[in-house]
Asks: 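The structure that follows is given in the form of structure tokens.
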There are 4 protein chains.
Amino acid sequence: MPKRSILSSVKDERLVEKRRNQIIQGAISLFKQKGFHRTTTREIATESGFSIGTLYEYIRTKEDVLFLVYEAINNHVHERLVQVIEAKDPSPKNLIGIIDSYYRLMDEMQDEVTILYQEVKSLKTDIKEQVLEQERSKVQMLKEAILNCLPEKATNIEAELLANNIFVQGHMWGFRRWTLSKQYTIDEYIHMQLRFLFTMLKSEAEFEEA
Amino acid sequence: MPKRSILSSVKDERLVEKRRNQIIQGAISLFKQKGFHRTTTREIATESGFSIGTLYEYIRTKEDVLFLVYEAINNHVHERLVQVIEAKDPSPKNLIGIIDSYYRLMDEMQDEVTILYQEVKSLKTDIKEQVLEQERSKVQMLKEAILNCLPEKATNIEAELLANNIFVQGHMWGFRRWTLSKQYTIDEYIHMQLRFLFTMLKSEAEFEEA
Amino acid sequence: MPKRSILSSVKDERLVEKRRNQIIQGAISLFKQKGFHRTTTREIATESGFSIGTLYEYIRTKEDVLFLVYEAINNHVHERLVQVIEAKDPSPKNLIGIIDSYYRLMDEMQDEVTILYQEVKSLKTDIKEQVLEQERSKVQMLKEAILNCLPEKATNIEAELLANNIFVQGHMWGFRRWTLSKQYTIDEYIHMQLRFLFTMLKSEAEFEEA
Amino acid sequence: MPKRSILSSVKDERLVEKRRNQIIQGAISLFKQKGFHRTTTREIATESGFSIGTLYEYIRTKEDVLFLVYEAINNHVHERLVQVIEAKDPSPKNLIGIIDSYYRLMDEMQDEVTILYQEVKSLKTDIKEQVLEQERSKVQMLKEAILNCLPEKATNIEAELLANNIFVQGHMWGFRRWTLSKQYTIDEYIHMQLRFLFTMLKSEAEFEEA
DNA sequence: CATGAATGAGGGTTCATTCAT
DNA sequence: TATGAATGAACCCTCATTCAT
């Protein structure tokens, strides 16, 4: 899913890839701590391991860094999701596996997810579109998993909403862990959310069995 | 719930109240459009109807404005929630009313809610605590509404999670309306979320009846 | 001839006038030494007697300074020219006086004139138009002086060209004084140019007489 | 007239010559459009057809490029002038031919001449000396043409001034064509300037005849 | 000889904050 | 109390120049 729209003045594709990964790692680490606006381009350069001049050989503006970060986070989540879903045949049990994996992934990526929520609004429209499209595709994957694994239990439109709910509840664990984690472990959180889901879909039987 | 921690050099309490409301209205209007960081203190002053010097008679730093805004938004939601809940006796039907009101409130306050998500992280810790505490109290209200209106249908811990889910799903309507509103009207959204909730609580009967 | 198109964020008109004069003096002094591009805005601020922040209260961009300078120089020349021309009735003798004054003015303003030649090209078009219009009006004044003081000696179109020649020869004294001043004093230069002019206009008689 | 003071790290003289011509052509083309300061060394390298690294094999600093350009323009004008003057025997008619050629050359080289006026001032002194010396020699050529073609019509010192006037009026056509070309075609301009010149020199007879 | 990635000083500009009036 | 001119640290970004390959 490259579709790199960010231009670089450096020609060597491999180097661009490498440097951009450094930038992404550096930036994520800083954005986690202080957010996008409070992070300076010089800090990003230093954290990435090179000079400010070099940073600007690989991006055009600071906002490009934000997009690179969004894209990287989204790609990472997307790839993991594809792996999990494609590894399994459709079955209620496997739906549990998929959603469980998704929640755990969100747990691992707490900080990254928080970054996602910060500045989408202020991105230029075309870049914003891309970011939102990336989100949409992930909700679609969850929706199809529901429809495939529990056929005839949910209408298309119900599945869509449930997929959105799951998606956001995943983020919620990251976002609101300051309060949630006082009440539940990640295991308990997942277990309860899954039980609710299967109850909603009137599939308690399948849930217990699995 | 004043608990004003923001100091002002002006003594006249009434004036402080009035000016701060001007600030809050001006700032919300600007933050909606461009976010906190892209809004300047000068703009806030102008939008509030006075000069930059005057602005600084009522706040200490720009971050104070953010807190004032958070507090105002939270208070508004809180008051509305209290109104709805206290107006009704506990009953399944009234739980529907409460949650319905909550969702509609979130619909009205889409932009304000978006503001809430943007910069909490960068607040100084003590102020952050206050903001988070304000959130917590709203989740508690929802939780108690669930426990009171549908007694014995949910454990304490289940109600807590459901309240969190509802809370976040309300925000979600504001946050993700770019995609959700293509699929559902607000009425449909609320109806489906409510049906899911009552199904989870195995209270379909009560839901149909209401 | 104010027509100030340069915006300032400061309201007090008198102060704006005063500060802009400081800027103009400071900038001219620096542009004389190192040209526009090699002068930094910080240097302009310091030379003007205030901080960089204050400088930007009175201009929007560095290019504004250039325009202010152009305008000031042009206005100065214009005013002096108007004074001289209006003080005298039209007569051959007085044409000599006018042109003599013009050349001496150019002598005084050597450095300023050099600045005028430097960056007109890179100004934004609308501002450039203004600057060129200011030049045009001065050539017109010289042309009319010729036509009025030596009626029937030159056609309209000849007077136009002669005015242009005089105008540029005035600049030339400033521009090429590194070589001209080795050959002539300013008095000799003026005398010779005037004699050439009157010869061209076949008015040697009037020249000798005056 | 090589007298190359610009050092190159490349040894092969022929290559140096070739590369420098590329640089000069590229740079002139860019300086015409955006001036010296707004042109980057990278742009010069690209326009010249090679990399930034290679550019710096043939120059030491960006200012060297400016000198190379000055020198090339001056040489070009000089050579053309020499051709014209040496091709003709001294006669009033041929003076007209010489000056006419000079004006037409200036017309062709409008942009180049504009470049000449821009940055001489900021050159280092020794290089500046060379550029000015090159100018001086051209004025001398014009002066001698006047003295030779119209003997006894002008003193040495008058011829010097007239040569300067012609020299600058040639530039003026390039510099001020935005206004001059509204009034005259190049033919008319030249004709009038020549007529003025011959009148000044009291050689109307020779002018009409030629 | 040619290349182009790396460097970092320095440039233009902004904006939160102060303080004299 | 209200004003708004003044401040300067700090930001984003550019670009001449170098040097390892």
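What you see is a predicted model; the values in this text were computed from it and never measured.
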Asks: Starting from the 5' end of DNA chain E, give me the residue, D:Asp12 or A:Gly53, whose nearest nucleotide shows up first.
Replies: D:Asp12
Asks: Start with the C-alpha gap between C:Glu57 and C:Arg19, add the side-chain angles, then the distance that decides, and say whether salt bridge (charged side-chain N to carboxylate O under 4.0 Å, His left out) holds.
Replies: CA-CA 10 Å; C:Glu57 295 281 318; C:Arg19 290 279 180 262; over 6 Å; no
Asks: Between D:Ile52 (CD1) and F:dC15 (C1'), how many Å, whole number?
Replies: 9 Å
Asks: Could you spell out the base pairing of DNA chain F in dot-bracket, with Watson-Crick or G-U pairs whose two distances are under 3.5 Å, [ ] crossing and | to another strand?
Replies: .||||||||||||||||||||
Asks: Starting at CD of A:Glu112, measure out to NE2 of A:His76 and round the result to the nearest 0.5 Å.
Replies: 8.5 Å
Asks: For A:Thr61, report the nucleic acid contact type (base, sugar-phosphate, nothing); a contact means any heavy atom under 4.0 Å.
Replies: sugar-phosphate
Asks: Ring-plane angle category for B:Phe50 and B:Tyr58, please: parallel below 30°, perpendicular beyond 60°, tilted otherwise.
Replies: tilted
Asks: Nearest nucleotide by nearest heavy atom, which residue falls closer to the 5' end of DNA chain E, A:Tyr58 or B:Ile59?
Replies: A:Tyr58
Asks: State the OG1-CG distance between A:Thr40 and A:Leu30, to the nearest 0.5 angstrom.
Replies: 8.0 Å
Asks: With heavy atoms under 4.0 Å as the rule, sort B:Thr40 into base, sugar-phosphate or nothing.
Replies: sugar-phosphate
Asks: Within 45° of the six-membered ring axis of A:Phe67 and under 6.0 Å from that ring's centre, is NZ or CZ of A:Lys128 located there?
Replies: no
Asks: Do any side-chain nitrogens or oxygens of B:Ser51 fall under 4.0 Å of OP1 or OP2 in F:dT3?
Replies: yes
Asks: Measure CG/A:Leu55 against P/F:dC12 and give the value in whole Å, please.
Replies: 10 Å
Asks: Nearest 0.5 Å, please: how far is CD1 in A:Ile28 from CG in A:Asp111?
Replies: 9.5 Å
Asks: Rounded to the nearest Å, what distance is computed from the NE2 atom of residue C:His37 to the P atom of nucleotide F:dA16?
Replies: 12 Å
Asks: Mind checking B:Thr39 for me? I need base, sugar-phosphate or nothing, with any heavy atom below 4.0 Å counting as a touch.
Replies: sugar-phosphate
Asks: State, to 0.1 Å, how close B:Ile44 and B:Ala27 come at their nearest heavy-atom pair, and which atoms those are.
Replies: CG2-CB, 4.4 Å
Asks: Give a yes/no verdict on a cation-pi contact between A:Lys62 and A:Tyr56, requiring under 6.0 Å between NZ or CZ and the six-membered ring centre and an angle within 45° of the axis.
Replies: no
Asks: Is the phosphate of F:dA2 approached by B:Arg19 (side-chain N or O, under 4.0 Å from OP1 or OP2)?
Replies: yes
Asks: Pick the closest DNA chain F nucleotide for A:Lys62 and for D:Tyr56 by heavy atoms, then say which residue is nearer the 5' end.
Replies: A:Lys62
Asks: For D:Arg38 and for B:Leu15, find the nucleotide of DNA chain F with the closest heavy atom, then tell me which residue's nucleotide is more 5'.
Replies: B:Leu15
Asks: Just verifying a value: how many Å separate D:Thr54 OG1 and D:Gln22 CD, rounded to the nearest 0.5 Å?
Replies: 10.0 Å
Asks: Which residues pass the side-chain hydrogen bond (donor to acceptor under 3.5 Å, both in side chains) test with B:Thr46, sequence neighbours left out?
Replies: none
Asks: Calculate the interatomic distance between A:Glu43 atom CD and F:dC13 atom C1'; express it in whole Å.
Replies: 16 Å
Asks: Could you state the CD1-C1' distance from D:Ile44 to F:dA16, rounded to the nearest angstrom?
Replies: 10 Å
Asks: If you look at every strand shown and take non-hydrogen atoms under 4.0 Å, does B:Lys11 touch a base, only sugar-phosphate, or nothing?
Replies: sugar-phosphate
Asks: If you walk 5' to 3' along DNA chain E, what is the first nucleotide with an atom under 4.0 Å of a heavy atom in chain D, and what is the last?
Replies: E:dC1 to E:dA6
